[in-house]
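Excluded from the calculations below are hydrogen atoms, water molecules and symmetry mates; all remaining heavy atoms, backbone and side chain alike, are included. Because the structure is a prediction, the values reported are computed rather than measured.
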Amino acid sequence: MANQKHHRTNEEDILDEIKLISGKCIEGRRRMERITQAQLAAEAGIGIRWLREIEAGSPKPSIEDHLRCAARLGLPAGYFFLPMMFLQNRRSFPADLLHGDMNRLQEHCIEYIIEDYYLGAVIRKGRRASVPLDDASPRGIE
């Protein structure tokens, strides 16, 4: 059989980068909470060696293993999905965001999406009803 090189896809690169970011977040939170690797591994249902792979940012562990560890540590979903959104849109993820209040950032993103969707729906409804945009602003709707 010919020696074939495995050509990486952009999706694989993104997932590898996400796993690297995730591993560092998991390790940081575990240390902050003073939980040993043995404790976290047992509670997440994985082996210690596998947890070490996760914390090292190895691409081998599955996303599910990362999420299992993160859930045990109380990390919000945003720590995982916000970097993914940045990378999928070919933007560099500012790692400092992970050291801030990720719950607050996640809530802010959710509120923005809701407001943006709501405003868009109001504008679309106003256009269908031929209502001037000034009358369809969120301030005028109660």
Side-chain angles (χ1 to χ4, degrees), residues 1-129 131 133-142:
M1 185 181 276
N3 185 9
Q4 295 178 337
K5 283 188 176 180
H6 175 68
H7 293 284
R8 296 178 54 81
T9 65
N10 191 37
E11 290 81 18
E12 288 174 317
D13 291 337
I14 289 172
L15 285 177
D16 288 354
E17 186 69 21
I18 295 299
K19 288 177 180 180
L20 178 64
I21 293 168
S22 172
K24 297 303 173 196
C25 286
I26 289 169
E27 179 182 23
R29 179 63 67 95
R30 179 185 61 76
R31 288 178 184 271
M32 186 178 76
E33 292 188 13
R34 297 175 188 225
I35 297 171
T36 67
Q37 285 181 326
Q39 288 171 310
L40 179 56
E43 291 175 15
I46 61 173
I48 295 172
R49 292 179 87 186
W50 205 236
L51 178 58
R52 287 185 185 132
E53 291 280 334
I54 289 171
E55 290 184 353
S58 169
K60 295 176 194 173
S62 70
I63 298 297
E64 291 82 9
D65 290 336
H66 281 262
L67 294 175
R68 220 177 274 118
C69 291
R72 163 49 192 96
L73 294 168
L75 286 168
Y79 98 95
F80 195 84
F81 295 109
L82 287 174
M84 185 177 288
M85 289 189 311
F86 271 79
L87 295 170
Q88 284 181 329
N89 287 285
R90 292 176 172 46
R91 295 182 185 228
S92 162
F93 182 73
D96 290 348
L97 288 178
L98 295 173
H99 303 295
D101 185 352
M102 186 57 74
N103 286 316
R104 185 169 170 257
L105 180 59
Q106 182 173 294
E107 185 65 29
H108 180 73
C109 289
I110 291 168
E111 290 300 320
Y112 177 78
I113 291 167
I114 291 169
E115 285 178 21
D116 189 56
Y117 175 79
Y118 176 73
L119 182 58
V122 168
I123 290 171
R124 285 188 300 278
K125 184 177 179 181
R127 285 182 183 157
R128 285 193 302 266
V131 175
L133 288 180
D134 290 329
D135 294 341
S137 69
R139 291 185 301 258
I141 297 175
E142 298 188 35

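- Nearest heavy atom pair, residue S22 against residue H66, reads OG-ND1, 2.7 Å.
- Residues passing the side-chain contact (heavy atoms from CB on, under 4.5 Å) test with E107 are E111, sequence neighbours excluded.
- Counting only residues at least two apart or on different chains, the salt bridge (Lys or Arg N to Asp or Glu O under 4.0 Å) pairs with a member in residues 54-63 are R30-E55.
- With sequence neighbours left out, L20 forms a side-chain contact (heavy atoms from CB on, under 4.5 Å) with E17, K24.
- Partners of F86 according to the ring pair (Phe, Tyr, Trp, His ring centres under 6.0 Å) rule, which considers only residues two or more places apart in sequence or in another chain, are F93.
- Residues satisfying the side chain to side chain donor-acceptor pair (under 3.5 Å) criterion with E64, sequence neighbours excluded, are S62.
- Between G78 and P83, the shortest heavy-atom distance links the atoms O-CD, 3.5 Å.
- Between D16 and K19, no side-chain nitrogen of the basic residue sits less than 4.0 Å from a carboxylate oxygen of the acidic one, so the salt-bridge criterion is not met.
- In this structure A42 satisfies the side-chain contact (heavy atoms from CB on, under 4.5 Å) test with no other residue, sequence neighbours excluded.
- Nearest heavy atom pair, residue C69 against residue L40, reads O-CD1, 4.1 Å.
- Of all heavy-atom pairs between L87 and I14, the closest is O-CD1, 3.7 Å.
- Residues meeting the side chain to side chain donor-acceptor pair (under 3.5 Å) test with R31, sequence neighbours left out: E27.
- Among all heavy-atom pairs drawn from L105 and L82, the shortest one is CD2-CD1, 3.7 Å.
- Residues satisfying the side chain to side chain donor-acceptor pair (under 3.5 Å) criterion with E115, sequence neighbours excluded, are absent altogether.
- With sequence neighbours left out, A38 forms a side-chain contact (heavy atoms from CB on, under 4.5 Å) with T36, I48.
- Sorted by first and then second residue, the side chain to side chain donor-acceptor pair (under 3.5 Å) pairs involving residues 80-92 (not counting sequence neighbours) form an empty list.
- For the atom pair CD1 of I18 and SG of C25, the computed distance is 10.0 Å after rounding to the nearest 0.5 Å.
- Here the CE atom belonging to M84 is positioned 5.5 Å from the CD1 atom belonging to I63, to the nearest 0.5 angstrom.
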